[in-house]
Amino acid sequence: MAGNNGFSVSGYGPERSSMASRVFARDSLVRRLDWPILFAAIALSAIGTALVYSATRNRTELVGDDQYAFLIKHLLNTGIGIALMAGTIWLGHRTLRTAVPILYGISVFLVLLVLTPLGATINGAHAWIVLGGGFSLQPSEFVKITIILGMAMLLAARVDAGDRDHPDHRTVLQALGLAAVPIVIVLLMPDLGSVMVMAMIVLGVLLASGASNRWVFGLLGTGAAGAIAVWQLGVLDDYQIARFAAFANPALDPAGVGYNTNQARIAIGSGGLTGTGLFKGSQTTGQFVPEQQTDFVFTVAGEELGFAGAGLILVLLGVFLWRACRIARETTELYGTIVAAGIIAWFAFQSFENIGMTLGIMPVAGLPLPFVSYGGSSMFAVWVAVGLLQSIKVQRPMSA
């Protein structure tokens, strides 16, 4: 009996089948899930839980008298994220395709709210809406998803319908305009890290869509010109300019703007091959690395789990991206390929930037490490992305 999500369980009459046989039938949902991706995401979240607890348990200014405060919130965020993944799989990426205009409108409205008095500054970034009760929302995390879905909907519409074999120039221009609106709003916050990720998403989506290379090179040129304009027009805050200056010259202000990256390198370097042991890192216990549960969570892994533990995180991220690439390559519809490619570009760049800034090879941009860093909005968004990838996988027609 076919369901509205494109997968079915057939050949098992009520009198002959058990629940187990239906669940594990060859064409069942459970069997068609991409388990390596799911395993990698769960393993990264489990590692992140231990690292977040290690980074926060002694920080009384954050947790007060409850050393488990961040641990409980992180587990709650992960649980909600997994539930969102399940809901996304149940709805299906094709159903969400029809809801893109509504989702896009909501995401733009939320990022606009950040620019009103309802917006709040947390950790130097004016990118949040405080909900109360210790919870806050970062709308730019969800904009990443709506940009992917919106551009995919436009770029794939005529191709999947069989009218064309690649998007025409007008369609590409419409897709870029759709992405430009929230990107400009996020830039005005300014949240430069999120803008960088969104720019990479747009580039990945265009490459996957089969659009003319002129658009790709034009986008790269426009991005370079835009970066120069942003720098010259004073859109960036002073602390963001200082971060780039410290990246260009690490010795510029080691006790000031360069402090974070210097301490991060010390923490990672002190871990050696196997680390100092979980909860035993002197840099982490001594609270020398700021924002260690969010932006600099990788330093906890480097110090306490050593090269082996940090390498495991890289391997799990690599497995995730490898399987996502396989899903993008094997799907039979351009829409699914574009959605998967946008997620790949998002996760690959954000992971590289987060880990790179802790090693001093990338400027500090305030981006979380997917699945590992503490943060509700980011955790919800990455698990929805997992749900989209799984939906593309399970809704692909079965081979004979």
Side-chain angles (χ1 to χ4, degrees), residues 5 29 33-35 37-45 48 74-111 127 129 131 135-153 179 182 186 194 197-198 200-202 204-205 317 320-321 323-324 327-328 331 335-351 367-395:
N5 280 334
L29 171 62
L33 289 175
D34 193 295
W35 285 99
I37 274 187
L38 191 57
F39 170 78
I42 292 174
L44 285 167
S45 296
H74 189 73
L75 289 171
L76 177 61
N77 291 336
T78 303
I80 294 174
I82 293 174
L84 290 172
M85 175 199 68
T88 302
I89 297 172
W90 179 74
L91 286 172
H93 67 291
R94 293 170 185 160
T95 300
L96 290 174
R97 183 178 188 170
T98 64
V100 163
I102 298 174
L103 297 174
Y104 179 80
I106 292 173
S107 65
V108 170
F109 174 73
L110 289 175
V111 290
I129 300 173
L131 303 177
F135 293 94
S136 55
L137 181 71
Q138 189 177 10
S140 58
E141 291 294 332
F142 304 103
V143 168
K144 299 170 186 175
I145 297 172
T146 54
I147 286 178
I148 293 172
L149 293 176
M151 292 189 70
M153 179 192 70
V186 173
S194 293
V197 175
M198 294 173 192
M200 292 304 299
I201 287 173
V202 171
V205 163
L317 288 169
F320 184 96
L321 293 172
R323 298 299 299 186
I327 290 172
T331 185
Y335 175 72
T337 297
I338 294 175
V339 171
I343 294 171
I344 293 166
W346 164 15
F347 279 54
F349 177 78
Q350 188 161 312
S351 299
L367 292 172
L369 185 59
F371 302 108
V372 183
S373 294
Y374 173 81
S377 299
S378 61
M379 187 66 76
F380 303 159
V382 296
W383 277 106
V384 168
V386 175
L388 288 170
L389 289 172
Q390 296 287 8
S391 173
I392 295 168
K393 172 72 163 52
V394 301
Q395 293 188 21

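Judged by distance alone, the side chain of T337 and the main-chain N or O of A328 form a donor-acceptor pair under 3.5 Å. Checking side-chain atoms of Q138 against main-chain N and O of A127 turns up no donor-acceptor pair under 3.5 Å.
Taking CD1 from I148 and CE from M198, the interatomic distance works out to 10.0 Å, rounded to the nearest 0.5 Å. To the nearest 0.5 Å, atom CD1 of residue I80 and atom CZ of residue F380 are 4.0 Å apart. Interatomic distance, OG of S373 versus CG of N77, reported as 12.0 Å (0.5 Å rounding). Atom OG1 of residue T98 and atom CE of residue M153 lie 10.0 Å apart, to the nearest 0.5 angstrom. To the nearest 0.5 Å, atom CG of residue L103 and atom CG of residue L96 are 6.5 Å apart. The line from CG of L389 to CD1 of I37 is 5.0 Å long, rounded to the nearest 0.5 Å.
Taking each heavy atom of S391 and G92 in turn, the nearest pair found is OG-CA, 3.2 Å. Residues S194 and K144 come closest through the heavy atom pair OG-CE, 4.5 Å. Closest non-hydrogen pair, T331 versus G336, comes out as CG2-C, 3.9 Å. Here the closest non-hydrogen pair linking P139 and V111 is CB-CG1, 3.7 Å. Between A341 and G204, the shortest heavy-atom distance links the atoms CB-O, 4.1 Å. Between Y104 and P182, the shortest heavy-atom distance links the atoms OH-CD, 3.5 Å.
Side-chain contact check for L388 versus I145: some heavy-atom pair is nearer than 4.5 Å. Side-chain contact between Q390 and L38 is present, with at least one heavy-atom pair separated by less than 4.5 Å. Using a 4.5 Å cut-off on side-chain heavy atoms (C-beta onward), V197 and F347 make no contact.
Remark: I82 engages T78, M85, W383 in a side-chain contact (heavy atoms from CB on, under 4.5 Å) (not counting sequence neighbours). By the side chain to side chain donor-acceptor pair (under 3.5 Å) test, H74 is found to be paired with no residue, residues two or more places apart in sequence or in another chain being considered. D34 pairs by the side chain to side chain donor-acceptor pair (under 3.5 Å) definition with R323, not counting sequence neighbours.
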(message) Could you walk me through whether S45 and V372 satisfy the side chain to side chain contact (heavy atoms under 4.5 Å, CB included) test, starting with their C-alpha distance in whole Å, then the side-chain angles of each, then the deciding distance to 0.1 Å, before giving a yes or no?
(response) CA-CA 5 Å; S45 296; V372 183; over 6 Å; no
(request) Verify side chain to side chain contact (heavy atoms under 4.5 Å, CB included) between L369 and L317, making sure each step is shown before the conclusion. (result) CA-CA 10 Å; L369 185 59; L317 288 169; 4.1 Å; yes
(request) Given side chain to side chain contact (heavy atoms under 4.5 Å, CB included), test F142 with I106 step by step and report yes or no. (result) CA-CA 10 Å; F142 304 103; I106 292 173; over 6 Å; no
(request) Decide yes or no on side chain to side chain contact (heavy atoms under 4.5 Å, CB included) for T146 and V100, but give the supporting numbers first. (result) CA-CA 7 Å; T146 54; V100 163; over 6 Å; no
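Counting non-hydrogen atoms of neighbouring residues, nucleotides and ligands closer than 6.0 angstrom, the CG atom of L76 exceeds 12 such neighbours.
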